[in-house]
2 protein chains.
Amino acid sequence: MQISSRFSVAVHVLSLLAMYQPTDAPLTSERMAGSVNTNPVVIRRILGQLKKAGLVEVRPAAGGTFLTRQPAIISLLDVYRAVEVVEAGRLFGMSEKPNPACTVGRYIQSALDVTLQRAQTALEQELAGVSLQQVTVDIAAKAAVGAG
Amino acid sequence: MQISSRFSVAVHVLSLLAMYQPTDAPLTSERMAGSVNTNPVVIRRILGQLKKAGLVEVRPAAGGTFLTRQPAIISLLDVYRAVEVVEAGRLFGMSEKPNPACTVGRYIQSALDVTLQRAQTALEQELAGVSLQQVTVDIAAKAAVGAG
DNA sequence: GCTTATTGTAACAATAGCGGTTACAGTAGG
DNA sequence: CCTACTGTAACCGCTATTGTTACAATAAGC
């Protein structure tokens, strides 16, 4: 099963915030939803998770939404963790209760655990190595090429 | 969302097959289900996928089930792919149709794609680096310690 | 050849998470 | 005080998963 699209939507939303210019129209959840092409409530739910993780500040009413850190020091792993795509350390599902009367059943979980943890960590380290700034720079570069 | 437990069940089943001794009682889907602690049909479904991937040979009726390769040359990535945990190259879900009228919406997918692919590949390479044999050796070692 | 245990598969239920939607109370700018 | 926006609850429909029952097809062993 796929990892929830919440993660890519969150990166999208943060990119909008990072690239926001004061001359632009205010970035409401409705406008963000227009860019992602979804419902504003979906955006607000994700903003709530990003806020809880301390990545953004959201002021109710006409207060606006802001990043709390420079895009260069927000990693994609921060975002991944913020939207709680999976419970920490539990990317792989395991059958809950193998039969302890069988040697394989008794030890399979601990035998697999190290490998699955390493695999999960390898994935997360790739995300840790990319910043929000790198994403927005890439978007800007592609836009420049696309426009020229 | 978690990766389906089919994968860990498949590794469990293959471990049973790899550690099978001719003096043991035959490894039917019912006995395997007893070790995993699930329903025999669940095992047969997974065996069907492993068979389709060429990892096992299953003979109907009282024919028995066998690995087609040495455990040393079956990687956990082979198993992962066999049970089709995710469509190839699509571990991360993306929102389908961001708004192309917005710069971010237009380029976010291609900007993210390289990173997400790398993250997925990093996970898969960890699985590729571990063989079924390593798993069964680990199980046997833990069993020896646990028994002694 | 028969018997019998086993596989292969279809069908169905229950569960869970997700994305989407409506509705509405709370809140702060202006 | 108005107004626009956020925060959140509640609900729907969809999909994937796991577990279960049922049964036809199959081949091993006598």
Side-chain angles (χ1 to χ4, degrees), chain A residues 1-10 12-13 16-17 20 25-53 56-66 83-87 90-99, chain B residues 1-10 12-13 16-17 22 25-53 56-66 83-87 90-99:
Chain A
M1 196 174 252
Q2 281 190 320
I3 289 175
S4 161
S5 70
R6 276 201 306 275
F7 171 59
S8 63
V9 172
H12 187 148
V13 163
L16 288 170
L17 290 170
Y20 179 74
L27 266 182
T28 66
S29 65
E30 184 152 0
R31 289 184 61 81
M32 298 188 208
S35 175
V36 177
N37 198 10
T38 183
N39 191 287
V41 174
V42 173
I43 301 295
R44 295 206 286 266
R45 280 201 284 242
I46 290 173
L47 280 176
Q49 295 184 282
L50 297 175
K51 182 179 167 184
K52 197 164 68 173
V56 304
E57 181 186 356
V58 184
R59 305 211 193 103
T65 303
F66 313 92
V83 296
E84 292 170 350
V85 170
V86 291
E87 192 181 349
R90 300 244 158 270
L91 178 56
F92 289 89
M94 306 259 285
S95 91
E96 296 83 12
K97 36 182 176 33
N99 186 348
Chain B
M1 195 175 255
Q2 280 190 321
I3 289 174
S4 162
S5 70
R6 276 201 308 275
F7 172 59
S8 63
V9 172
H12 188 149
V13 164
L16 289 169
L17 290 169
L27 265 183
T28 65
S29 65
E30 185 152 0
R31 289 184 59 82
M32 298 188 209
S35 174
V36 177
N37 198 10
T38 184
N39 191 287
V41 174
V42 173
I43 301 295
R44 294 206 286 269
R45 279 201 283 242
I46 288 171
L47 279 176
Q49 294 184 282
L50 296 175
K51 183 177 166 184
K52 197 164 69 174
V56 303
E57 181 185 358
V58 184
R59 305 210 192 102
T65 303
F66 314 92
V83 296
E84 294 171 347
V85 170
V86 290
E87 193 182 348
R90 300 244 160 269
L91 177 56
F92 289 89
M94 305 258 286
S95 93
E96 296 84 12
K97 36 182 175 37
N99 186 347

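Letters A, B, ... are given to chains in the order of the sequence lines, protein chains preceding strands, and every chain is numbered from 1.
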Do the side-chain N or O atoms of Arg45(A) get closer than 4.0 angstrom to the phosphate oxygens (OP1, OP2) of dT8(D)? no
Glu30(A) CD to dG20(C) P, in whole Å, measures 15 Å
May I have the distance from Arg44(B) (atom CZ) to dT6(C) (atom C1'), rounded to whole angstrom? 7 Å
Inter-residue atom distance Asn99(A).CG - Asn37(B).CG, 0.5 Å rounding: 6.5 Å
In this structure, how many angstroms lie between the C1' atom of dG20(C) and the CD1 atom of Ile43(A), rounded? 12 Å
Between Ser4(A) and dG17(C), is there a side-chain N or O to OP1/OP2 distance below 4.0 Å? no
Here the distance between atom P of dT18(D) and atom CD of Glu84(B), to the nearest Å, is 13 Å
Within this structure, what is the CG-to-P distance between Leu17(A) and dT6(D), rounded to whole angstrom? 11 Å
Does a side-chain N or O of Thr38(A) approach OP1 or OP2 of dG19(C) to a distance below 4.0 Å, or not? no
Mapping Pro26(B) and Val42(A) onto DNA chain C by nearest heavy atom, which one lands closer to the 5' end? Pro26(B)
Roughly, in whole Å, what's the span from NZ in Lys97(A) to P in dT18(D)? 12 Å
Expressed in angstrom and rounded to an integer, what is the separation of Gln49(A) atom CD from dT6(D) atom P? 17 Å
Tell me whether Thr28(B) contacts the main-chain N or O of Arg31(B) through its side chain, where contact means a donor paired with an acceptor under 3.5 Å. yes
Looking at Ser29(A), I'd like to know whether one of its side-chain N or O atoms comes within less than 4.0 Å of OP1 or OP2 on dT6(D). yes
When the axes are fitted on five pairs at both termini, how much does the helix from dG1(C)-dC30(D) to dG30(C)-dC1(D) curve, in 10° steps? 20°
Strictly below 4.0 Å: does Lys51(A) bring a side-chain N or O up to OP1 or OP2 of dT6(D)? no
Need one value for Ser5(A): base, sugar-phosphate or nothing, where a base atom within 4.0 Å counts as base even if backbone is also close, heavy atoms only. sugar-phosphate
Could you say whether Met1(A) or Leu27(A) is positioned toward the 5' end of DNA chain D, judged by the nucleotide with the nearest heavy atom to each? Leu27(A)
Nearest to the Thr28(B) side chain among dT18(D), dA10(C), dT6(C), which nucleotide is it? dT6(C)
For a quick test of reading the model: is some side-chain N or O of Arg59(B) closer than 4.0 Å to OP1 or OP2 of dT6(C)? no
